[in-house]
Amino acid sequence: MEFSLSEQQQMFKTSAREFAESEVAPLVDQMESEKRTPRELIPKMRELGFYAIQYAEEYGGVGASYLEYVMVLEELSRVYCSIGGHISVNNLCAGTVRDFGTEDQKQKYLPELLTGEAIGSFAFTEPDTGTDPRALRTTAVREGDEWVINGEKIFITNSTLPGYIALFCKDVEMEDKTTTILVPKDTPGYSTGKLVAKMGMHGMEVADVLLEDVRVPFENTVGGEECRGKGFKILTTEIAVGKLGISAQCVGMAQAALDLSTKYAKDREQQGKPIARFQTIQWLIGEMSAEIAAARYLTYATAWARSNGQNILSD
């Protein structure tokens, strides 16, 4: 892996940093108090291609790689992680379509998801399931050319924003194996509860989802008939990419903590001089810097591996 940044990669990092500092930072207090994602940010991020970085141009993507993707998430999260999380979860939905969808599904759904015209969600977690697919209670029953879906999902990011949700259901005809279905959020029977109270990241909208006799065409089955019952494979594949996004967000937040610590050490005086001149403080900041650099390059290396077709699933 080449550790120096290309001109394109540096451009992505710079544009994301400038956007975060000029457009996101002034809205952080508002997002924390109102607990919502400002809708006015979405077209601005669309214009910069933040939803579409690692996707092929034929579907409306930028045509870059996961390296540029994690760099953008890192810079956004350095200012406010909620916006990085918003994009990362949209990618879980779009990635599901790109990696497992039929060609018709890619042509139909990706252009919207990659421009922010539709915001994606990814829904597996239920009140009693954790990560156990055998414990899923949300059911999908086929009636002719339609699915009828009933159940509940919890802690679903972006579920209150218009778009699509990649929904993991117990496929009754497939011996209760998991099937993934793409559901438009404006479908009758789809509803969300109040936003989940969190300790932070209030600018990322998270809510529970209730599905009551939700009817969608059978053609919304991700990957078509061939992928029925293969939802757990879809889940684990996309969650690995989701963890890559979370890693980038954590690096961004850690860098922000280091920046603030360094500034404080330079400004805070003790015994007539900044504490940054004390060796113990220098050691602490040096250790922080080294650990963040290691985390950054591990994240970049994993992104490079994913971009080059390598399996990044943990054993």
Side-chain angles (χ1 to χ4, degrees), residues 12 16 19 36-66 68-69 72-73 76 82-124 146-147 149 153 156-169 179-192 203-207 209 211 214-224 227 231 234 237-238 241-242 245:
F12 272 106
F19 176 82
R36 62 185 295 273
T37 305
R39 304 306 190 260
E40 62 268 27
L41 284 180
I42 293 174
K44 294 177 181 179
M45 292 191 288
R46 172 195 310 159
E47 188 173 339
L48 290 168
F50 288 168
Y51 294 106
I53 296 168
Q54 70 275 31
Y55 294 89
E57 294 179 7
E58 64 181 299
Y59 301 118
V62 172
S65 74
Y66 279 92
E68 287 82 3
Y69 169 67
V72 167
L73 290 189
L76 293 175
S82 290
I83 300 304
H86 163 85
I87 291 176
S88 181
V89 173
N90 181 76
N91 173 67
L92 284 175
C93 183
T96 296
V97 177
R98 192 269 310 275
D99 295 336
F100 293 95
T102 64
E103 184 60 32
D104 286 344
Q105 289 169 345
K106 294 175 187 179
Q107 295 287 347
K108 181 177 180 179
Y109 297 113
L110 282 180
E112 292 183 76
L113 290 166
L114 302 188
T115 58
E117 293 178 17
I119 300 298
S121 296
F122 191 82
F124 179 85
E146 288 186 320
W147 285 113
I149 304 170
K153 300 292 183 179
I156 307 304
T157 301
N158 294 340
S159 57
T160 50
L161 291 160
Y164 302 102
I165 183 168
L167 196 68
F168 293 81
C169 306
T179 292
T180 310
I181 303 169
L182 207 63
V183 176
K185 298 177 194 172
D186 60 357
T187 304
Y190 176 98
S191 62
T192 57
M204 186 175 71
E205 296 183 22
V206 179
V209 174
L211 305 135
V214 170
R215 290 180 174 268
V216 297
F218 181 76
E219 64 187 26
N220 286 30
T221 310
V222 174
C227 281
I234 295 174
T237 300
E238 300 308 322
V241 179

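We number each residue from 1, following the sequence as shown.
A donor-acceptor pair is defined here as one N or O able to donate and one able to accept, closer than 3.5 Å; such a pair exists between the side chain of Gln105 and the backbone of Glu219. Side chain of Lys153 to main chain of Leu211: no donor-acceptor pair is present (N/O by atom type, distance under 3.5 Å, no hydrogens or angles). For Ser88 (side chain) and Gly84 (main-chain N/O), no donor-acceptor pair under 3.5 Å exists by modelled atom type. In this structure, the side chain of Thr192 does not engage the main chain of Val209 through any donor-acceptor pair within 3.5 Å. Between the Thr37 side chain and the Gly203 main chain, a donor and an acceptor come within less than 3.5 Å of each other.
Contact annotation: the side chain of Val216 approaches that of Pro184 to within less than 4.5 Å [non-hydrogen atoms, C-beta and beyond]. Between Lys185 and Asn158 there is a side-chain heavy-atom pair separated by less than 4.5 Å. Between Thr157 and Phe122 the shortest side-chain heavy-atom distance does not fall below 4.5 Å. Residues Ile87 and Tyr51 meet the side-chain proximity criterion, which asks for heavy atoms closer than 4.5 Å. Within the 4.5 Å cutoff, the side chain of Cys93 has no heavy atoms near those of the Ile119 side chain. Here the side chains of Arg46 and Glu117 are in contact, with some heavy-atom distance below 4.5 Å.
By the ring pair (Phe, Tyr, Trp, His ring centres under 6.0 Å) test, Tyr55 pairs with no residue at all, sequence neighbours left out. Remark: Tyr59 pairs with Glu103 by the side-chain hydrogen bond (donor to acceptor under 3.5 Å, both in side chains) rule, at least two apart or across chains.
A 6.0 Å sphere centred on CD of Gln107 holds more than 12 heavy atoms belonging to other residues, nucleotides or ligands.
For the residue pair Arg98 and Gln54, the shortest heavy atom distance occurs at NH1-O, 3.4 Å. The minimum heavy-atom distance between Ser121 and Ser159, with the atom names listed, is OG-N, 3.3 Å. Nearest approach of Gly60 to Ala52, heavy atoms of both residues: O-CB, 3.9 Å. Shortest non-hydrogen contact noted between Val214 and Tyr190 is CG2-N, 3.7 Å.
Under the side chain to side chain donor-acceptor pair (under 3.5 Å) test applied with Trp147, the options Asn220, Thr179, Thr221 reduce to a single match, Thr221. Under the side chain to side chain contact (heavy atoms under 4.5 Å, CB included) test applied with Asn90, the options Leu161, Leu113, Leu114, Ile42 reduce to a single match, Leu113. Of the candidates Asn91, Thr180, Thr96, Thr96 is the only one forming a side chain to side chain contact (heavy atoms under 4.5 Å, CB included) with Glu238.
In this structure, Tyr164 OH and Thr187 OG1 are separated by 9.0 Å, a value rounded to the nearest 0.5 Å. Between the CD1 atom in Ile149 and the CD1 atom in Ile181 there is a gap of 4.0 Å [rounded to 0.5 Å].
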